[in-house]
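Accompanying notes for the structure given below.
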Amino acid sequence: MSDIIPTPPVPRVPVRGGGTFPVRRIFCVGRNFADHAREMGAAAPASKAERGVPVFFHKPADAIVTGDANVPYPPGTNDLHHEIELVAALGVDAPAGELSREAAEALVLAYGVGLDLTRRDLQGAAKAKGLPWDTGKGFDHSAPISELVAAADVGTLDARTLTLRVNGDVRQHGALHDLIWDVPDILHELSKLYALKAGDLVFMGTPAGVAALVPGDAFVASLDGVVELHGRITG
Ligand code: MN
């Protein structure tokens with residue numbers, strides 16, 4: 001049996017030092033920094049013991065934008081928001097089941113920095129009605145991402161910060177040691193719900209300072225000292 005349409009291309013992220021990372025799925029984490037949870041009107045847990053379970057959602061694999069490319073302003077919104085996030089790239093499969101922290105950490109092949117672009121007006125309307133966030137989150141070009149850097153070259157994440165500049169002004173700045181759920185925590189929680197596979201990306205959630213992007217805006221997202229993502233919103 002042959003395919004009745006041309007095979008859709010596999011989305012790929014460039015890797016520093018050579019090669020590409022083919023993307024299978026994009027998992028995203030909501031409300032993973034207390035200051036951002038509060039700015040969105042949600043309760044922030046007072047301690048790790050009270051953090052409950054993480055909020056997960058997805059973007060389609062072909063939502064990625066690579067190569068410091070232009071990002072077209074999406075249809076259907078008047079309030080496109082930026083959310084700078086650490087992105088973990090998995091290089092090993094793990095069947096569904098509770099992963100230990102050690103096993104979870106061993107799944108991560110590389111890290112990058114990305115934007116979880118959000119049609120905030122559509123997300124807000126969905127939230128108000130208790131409906132899914134898909135149209136607010138999982139749209140074309142909604143996941144610009146930097147090149148990936150080998151985990152061994154990134155070092156201790158706890159010492160790293162995220163900074164987003166738009167037209168030269170700092171919009172978001174946060175420290176990864178403030179993540180409510182760190183990378184092993186999130187992979188442990190995801191593995192209770194899904195088989196994880198090489199090719200999966202995990203967008204780890206954003207610190208406070210989310211705000212609007214408009215056509216013409218130039219952004220620089222930085223995982224400090226490690227990697228940067230440059231881009232521009234086009235009309
Ligand atoms: Mn986000």
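For ligands, and for the atoms within them, numbers begin at 1 and follow the listed sequence. Only this structure's heavy atoms are used, side chains among them; waters, hydrogens and symmetry mates stay out.
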Please give the atom name: the N, O or S atom of [X] nearest to the Mn ion (ligand 1).
X	value
Asp116	OD2
Glu83	OE1
Glu85	OE2

Centres of the Phe27 and Tyr194 rings: under 6.0 Å? yes

So, Asp68 and Arg232, do they make that salt bridge, N to O below 4.0 Å? no

Arg12 NZ/CZ over Phe21 ring centroid, <6.0 Å and within 45° of normal: no

Checking side chain to side chain contact (heavy atoms under 4.5 Å, CB included) between Pro207 and each of Ile84, Asp178, Asn32, which is the one that passes? Ile84

